[in-house]
Colleague: 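Below is the structure I would like to discuss, written out as structure tokens.
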Amino acid sequence: MKNIKKSLRSVFLALMLVLGLSSAASAQDIVVANATGFTIQQLGLIDSSASGDAQDLLGNDTLANGEALQISISGSPKGWELIATDGQGGQVNWQNLDLTGVSKITLHANGTADLQ
């Protein structure tokens, strides 16, 4: 009986380790580079499958042309949308982004993005 309890404890600890590693693996860090030609006043990020508003990644900061920002996403890497707003209220959207294996996104003013 003592060996069974010890074996079950070992299996439980191994399972917890695997579950912990899989949830940690679902977070992904990505650098977002601004190559739009304008200063981004607000940069929203939203999972297209989620309801609600986009999370503003900049807060009170701005992202000047040529600057970059590191972000972290969790959950599925597919179906993300970035929304950039300039100082005059103009907006550019990058929709349905598949961020699988992506470590850097370079945003362009025409609504395209280079995913690396």
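Any value given below was found using the heavy atoms of this structure, including those in side chains, with hydrogens, waters and symmetry copies removed.
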Colleague: Return the CG to CG distance between D61 and L43, rounded to the nearest 0.5 Å.
Modeller: 11.5 Å

Colleague: How many angstroms lie between NZ in K104 and CG in D29, if you round to the nearest 0.5 Å?
Modeller: 15.0 Å

Colleague: Keeping the roles fixed (side chain from N34, backbone from A64), state whether a donor-acceptor pair exists under 3.5 Å.
Modeller: yes

Colleague: Determine whether more than 12 heavy atoms belonging to other residues, nucleotides or ligands lie under 6.0 Å from atom CG of D53.
Modeller: no

Colleague: Kindly indicate whether the side chain of Q91, heavy atoms from C-beta on, has any atom under 4.5 Å from the side chain of I83.
Modeller: yes

Colleague: Can you tell me how far CG of D86 sits from OG1 of T62, rounded to the nearest 0.5 angstrom?
Modeller: 12.0 Å

Colleague: If hydrophobic clusters are built by linking Ile, Leu, Val, Met, Phe, Trp and Tyr wherever their side-chain heavy atoms come under 4.5 Å apart, do L69 and I46 end up in the same one?
Modeller: no

Colleague: Do L57 and L99 share a hydrophobic cluster (ILVMFWY, side-chain heavy atoms under 4.5 Å, transitive)?
Modeller: yes

Colleague: Would you say W80's side chain and D98's backbone share a donor-acceptor pair under 3.5 angstrom?
Modeller: no

Colleague: Can you confirm whether V92 sits close enough to F38 that some side-chain heavy atom of one is under 4.5 Å from a side-chain heavy atom of the other?
Modeller: yes

Colleague: For G79 and N96, work out which heavy atoms get closest and say how close.
Modeller: CA-OD1, 3.6 Å

Colleague: Taking all non-hydrogen atoms of both residues into account, name the closest pair between A113 and I105 and its distance.
Modeller: CB-CG2, 4.0 Å

Colleague: Under 4.5 Å between side-chain heavy atoms, counting indirect links through other Ile/Leu/Val/Met/Phe/Trp/Tyr residues: same cluster for L45 and I40 or not?
Modeller: yes

Colleague: Please give me the minimum heavy-atom distance between S72 and A27, naming the atom from each residue.
Modeller: OG-CB, 4.4 Å

Colleague: Is a side-chain N or O of N93 found less than 3.5 angstrom from the main chain of Q95, in a donor-acceptor match?
Modeller: no

Colleague: For residues D114 and H108, determine if any side-chain heavy atom of one lies less than 4.5 Å from a side-chain heavy atom of the other.
Modeller: yes

Colleague: Between Q28 (side chain only) and V102 (backbone N and O only), is there a donor and an acceptor less than 3.5 Å apart?
Modeller: yes

Colleague: Please find the pair of heavy atoms, one from D47 and one from K78, that lie closest to each other, and give the distance.
Modeller: OD1-O, 4.4 Å

Colleague: As a quick check of understanding, evaluate side chain to side chain contact (heavy atoms under 4.5 Å, CB included) for Q41 and L58, giving each step before the final call.
Modeller: CA-CA 8 Å; Q41 300 294 321; L58 298 176; over 6 Å; no

Colleague: Is the side chain of N65 donor-acceptor paired with the backbone N or O of T36 at a distance under 3.5 Å, no angle test?
Modeller: yes

